[in-house]
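Take a look at the structure set out below.
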Amino acid sequence: MRTKNIEEEEEEVEEEEEFEEAEEEEEEEISIKAETPQNTPPSIVLTVTYDGKVGKALVKLYDPVNDRVYFWYDNTGHRPYLLTNVKPEELVTKFAKVILHPGFSHLEVVEKYDPLNDTKVVLTKVVAKDPLSIGGRADSIRELLPKTWESRIRYHLCYIYDNEIVPGMFYKIEDGRLVPVPIEIPSEVEDFVKKLYSNDPDFLEESRRWIPLFQAPVPNIKRLAVDIEVFTPQENRIPNPREASYEIISIGLAGSDGLRKVLVLRRPGMELKPEDLDDLMYDDVEVEFFDSEYEMLREFFTILLQYPILITFNGDNFDLPYIYHRALKLGFRKEEIPIIIRRNEASIPLGIHIDLYKFFNIRAIEVYAFGGKYRGMDRTLDTIANAIVGMSKLSRDKTVSHMSYVELINYNFRDAFLALYLTTYDNNLVLRLIMLMSRISKTPPDDLVRSQISAWIRNMLYYEHRRRGWLIPDKEDIIKIKGDVATKAIIKGKKYAGAIVLDPMPGIYPNVFVLDFASMYPSVIKRWNISYETVKCPDEKAKNNRPIPELPHWVCNDRRGLTALIVGLLRDLRAYVYKKLAKTAQDPALRSYYNVVQSALKVFINASYGVLGADIFPLYCPPAAELTTALARYVLSRTVLKALELGLVPIYGDTDSLFIWNPDENKLKELIEWVEKEFGIEIELDKVYRLVAMSGRKKNYVGILSDGELDIKGLVGKKRNTPDFAKEAFNEVVHLLSTIKSLDDVNKVIEEVRSKVREYYKKLQRREIPLNKLAIRTTLTKPLEAYTKNTPQHVKAALQLKNLGYKVEPGDVITYVKTTGKEGVKPIQLARIDEVDPNKYIEYLRTSLEQVLDAFGIEFESVMGSSIIDNYS
DNA sequence: GCGGACTGCTTACCT
DNA sequence: ACAGGTAAGCAGTCCGCG
């Protein structure tokens, strides 16, 4: 009998192995091909892949002017390889298995710069005939050698790095060669950068390579959004796409070229009267009926082949595998189906497939590109479209199987349209964002939408290593050489100390100025030259160069840190060039484009520090991350001291912000200038609050901006899992308190608050508040059986649901109420209003209101007191 | 056997 | 599946107490 712990450990190991496997090259076998001309007009690189049949890297290009896809196959003889420190002669004698490997091609000797050890190294390059001979199989060459470098890089990415191909940029085929198309740089940009970096040739040179990526336009690439509806005999059962047992009853198609079409399967017993068509929601949608599903799919394949980009919502795991397997069942041969199915993704032979479900699930996209607009919601097309473009799916009261033709057509087309619209709204914002991020990260768009930010930044930096002839270090070597961290995190289980949060004084403060260190961590990284190779570098001389005495880490100043250079450059270009151009460019269309550029840059800048401290990141370097946060703490605390010295009154600060109460504006200016001079990083006035109510708790305040807008931070009344009634009470009280204009109002307003609270109290006691307003909504983050340490309330409720046959999975939001019963909770589906425990909800009322009342120095009890007496009198 | 003090787990938030 | 810091609620444990 095995113990739980061993099982858990084994599970973890299995997960890691899966992750590794996913990194391996999956060879694409392409049977439907585009033309391969010797010369083409400027075309955009859609993706780079490895064509297993041809045995070569393949670049897929799209020519937006002539609406054509071109294939360019490698003709430089580039092959997959790895690097090893085993000498060629030793390979022959001691590692003959490598030479005898069926995939072995030849050996080369290469010289590289090893940034970790700051030395030149001579290594053996083992070249293979195909990617799987390098790695990915149990007997790959990688497994035969004691030590290898760069052997885990997927071949198509390796090809991109070596040939300096930037996905999403313009290239043309010229006499069979793939050449970049020069991009014109506006003189205002050129001049500005020249001035900015007049004393910094490294940055100036690097900026020249990057600016074209941002100046090249993103064309409105033709694309087709697809959504299918499948007959389902049972309600609430999603058909299995591998089995594809049921008919595809319709296919919704929406193209950026104006195509609006639904293919519909005629089914027995279903009639369509001509007048029914009057109920079509969209009169310009073309409807085509088919007697055979086979013919319908054939028509679909014909249309699909006319588009370089396919857009779906969850097409990787549902629509495309379903269509594929259904087509096989109906008698199509593999080569006739223009869909390629892999383990976790689906692609198309001529172009690329973008699964928006995957894209919107990328954390960095959710947080930095969309400002958390759909945070904490479920990730359906309906919620995401609603949150981002304010459009919903059509509501339905029956399954698609029970819909009339017209209902089906309306429903199906809307879904396809929504998927397309998510890429076209706001001047193709999402398409532009994807393409720009592909350029920055050197990640093909189809990879980009399926990977997290750590993979993007990895690709970005690997590319820079190769371009410079640097050896890409082995992750274990970085950890071995850089050693341990020197600080302790406050939070148990974290690796090193992070940000500093100042203790706020409770109270009401009029006229509060909020200063903000603009992208604090990236600025610190640039200013102190932080990079995995510069922090704790091997150079003895550098050991005296410790940026802060409290930390033993030193930094090399002789050579420019790669991370410092790239992150610093991206930060500068965003702050000084593209944020400005987004406001000042003459042409509104250009302003909108520059705004996407600055958003794309923001995603990378904001995540650049985080990856340094993330152990899944291949250039993971804890001391570098630790030094970054330590310097940020140092900068903020020194700034507080200086503010006090100047007679300013800092009342709060968190990580990179400083709240100053009613400052003398000259002193404030002096502080800002001091910071820039002292640290060489910028601090700016972020906002001015007419009034701030500090509850006395950290990360917890209400501010009123000059336009009257409320900034509510961290308060319980705002949290997603707070019952609606408590949120309402909170909002009403905040609103009442915000009407206080002068001291004279205070008593009157407090009296209003008192009666408001009393009203809620009575309603709770009389059970007049409906169940849905009492419901607590908590996310289940793990499978039920993984809650081994204790059983939180939402898990108790989820268990009750499970016992009744409901399916409960991680990510589900459990909605429950607190009851007087034994368990103390009931899922809302099972609860009655008379079972709820009013006392528990009075506690909710208390906490959510206390946080705001504290700021006004009002005791919750003093507000409640009379109401309790009322109740019993 | 019960309640208060305490610790640890869990979730949602802030920067 | 980019980081650490904070608030809050609850589960579970320990300890004292005739």
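Note on naming: letters A, B, ... go to the chains in the order of the sequence lines (proteins, then strands), and numbering restarts at 1 for each one. Here the structure is a predicted model, which means the values were calculated and not measured.
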- If you measure from the Lys or Arg side-chain nitrogens to the Asp or Glu carboxylate oxygens, is any gap between Glu626(A) and Lys488(A) under 4.0 Å? no
- Message: Please pick, from dC2(C), dG12(C), dA3(C), the nucleotide with the shortest atom-to-atom distance to any side-chain atom of Thr791(A).
- Response: dG12(C)
- Task: For Ile490(A), answer base if it contacts any base atom (sugar-phosphate contacts may also be present), sugar-phosphate if it contacts only those atoms, and nothing otherwise; contact means non-hydrogen atoms under 4.0 Å.
- Result: sugar-phosphate
- Task: Give one of base, sugar-phosphate or nothing for Ser451(A), where a contact means two heavy atoms less than 4.0 Å apart.
- Result: nothing
- Task: Identify which nucleotide among dA8(C), dC2(C), dT6(C) has an atom closest to any side-chain atom of Gln452(A), counting heavy atoms from C-beta outward.
- Result: dC2(C)
- Task: For dC9(B) versus dC2(C), give the span between their C1' atoms, rounded off to a whole number of Å.
- Result: 24 Å
- Take Val716(A) and Ala607(A), find for each the nucleotide of DNA chain C with the closest heavy atom, and name the residue whose nucleotide sits nearer the 5' end. Ala607(A)
- What is the distance, rounded to the nearest whole Å, between atom CG of Leu849(A) and atom P of dA8(C)? 13 Å
- Task: Measure from the side chain of Lys796(A), starting at C-beta and using heavy atoms only, and say which of dA11(C), dT6(C), dC2(C) lies closest.
- Result: dA11(C)
- Note on the structure: To the nearest angstrom, the CH2-P distance between Trp456(A) and dA1(C) comes to 16 Å
- Item | Donor-acceptor side-chain pairing of Ser531(A) and Glu533(A) below 3.5 angstrom | yes
- Message: Please report the distance, rounded to the nearest Å, between CD1 in Ile491(A) and P in dG5(C).
- Response: 5 Å
- Nearest whole angstrom, please: distance from the C1' of dA7(C) to the CG of Asp503(A). 13 Å
- Does a donor on one side chain sit under 3.5 Å from an acceptor on the other, for Thr380(A) and Thr383(A)? yes
- Message: Can you measure Lys840(A) atom NZ to dG9(C) atom C1' for me and round it to whole angstrom units?
- Response: 12 Å
- Base versus backbone protein contacts along nucleotides 7-14 of chain B [heavy-atom cut-off under 4.0 Å; B, S, -]: --SSSBSB
- Query: Judged by atom type as modelled, is there a donor-acceptor pair below 3.5 Å linking the side chain of Asp316(A) to the main-chain atoms of Ala346(A)?
  - Reply: yes
- Query: Think Arg633(A) has a side-chain N or O under 4.0 angstrom from the OP1 or OP2 of dG4(C)?
  - Reply: no
- Does Lys495(A) have any salt bridge (Lys or Arg N to Asp or Glu O under 4.0 Å) partners at least two apart in sequence or in another chain, and if so, which? none
- Query: Which whole-number value in Å describes the distance from Phe730(A) CZ to dA8(C) P?
  - Reply: 12 Å
- Query: Does Trp210(A) reach the side chain of Leu570(A), with side-chain heavy atoms less than 4.5 Å apart?
  - Reply: yes
- Is NZ or CZ of Lys782(A) both nearer than 6.0 Å to the six-membered ring centre of Tyr787(A) and within 45° of the ring axis? yes
- Query: Hey, does Glu843(A) reach any base, or is it just sugar-phosphate, or nothing, if we go heavy atoms under 4.0 Å?
  - Reply: nothing
- Query: What parts of residues 495-502 of chain A reach DNA chain C, counting only heavy atoms under 4.0 Å away?
  - Reply: Lys495(A), Tyr496(A), Ala497(A), Gly498(A), Ala499(A), Val501(A)
- Query: Is the NZ or CZ atom of Lys442(A) positioned over Tyr463(A)'s six-membered ring, under 6.0 angstrom from the centre and within 45° of the axis?
  - Reply: yes
- Query: Any donor-acceptor pair under 3.5 Å joining the side chain of Tyr368(A) to the base of dC2(C)?
  - Reply: yes
- Can you tell me how far the OG1 atom of Thr791(A) sits from the CG atom of Leu799(A), to the nearest 0.5 Å? 7.0 Å
- Query: Could you state the CD-P distance from Gln793(A) to dG12(C), rounded to the nearest angstrom?
  - Reply: 11 Å
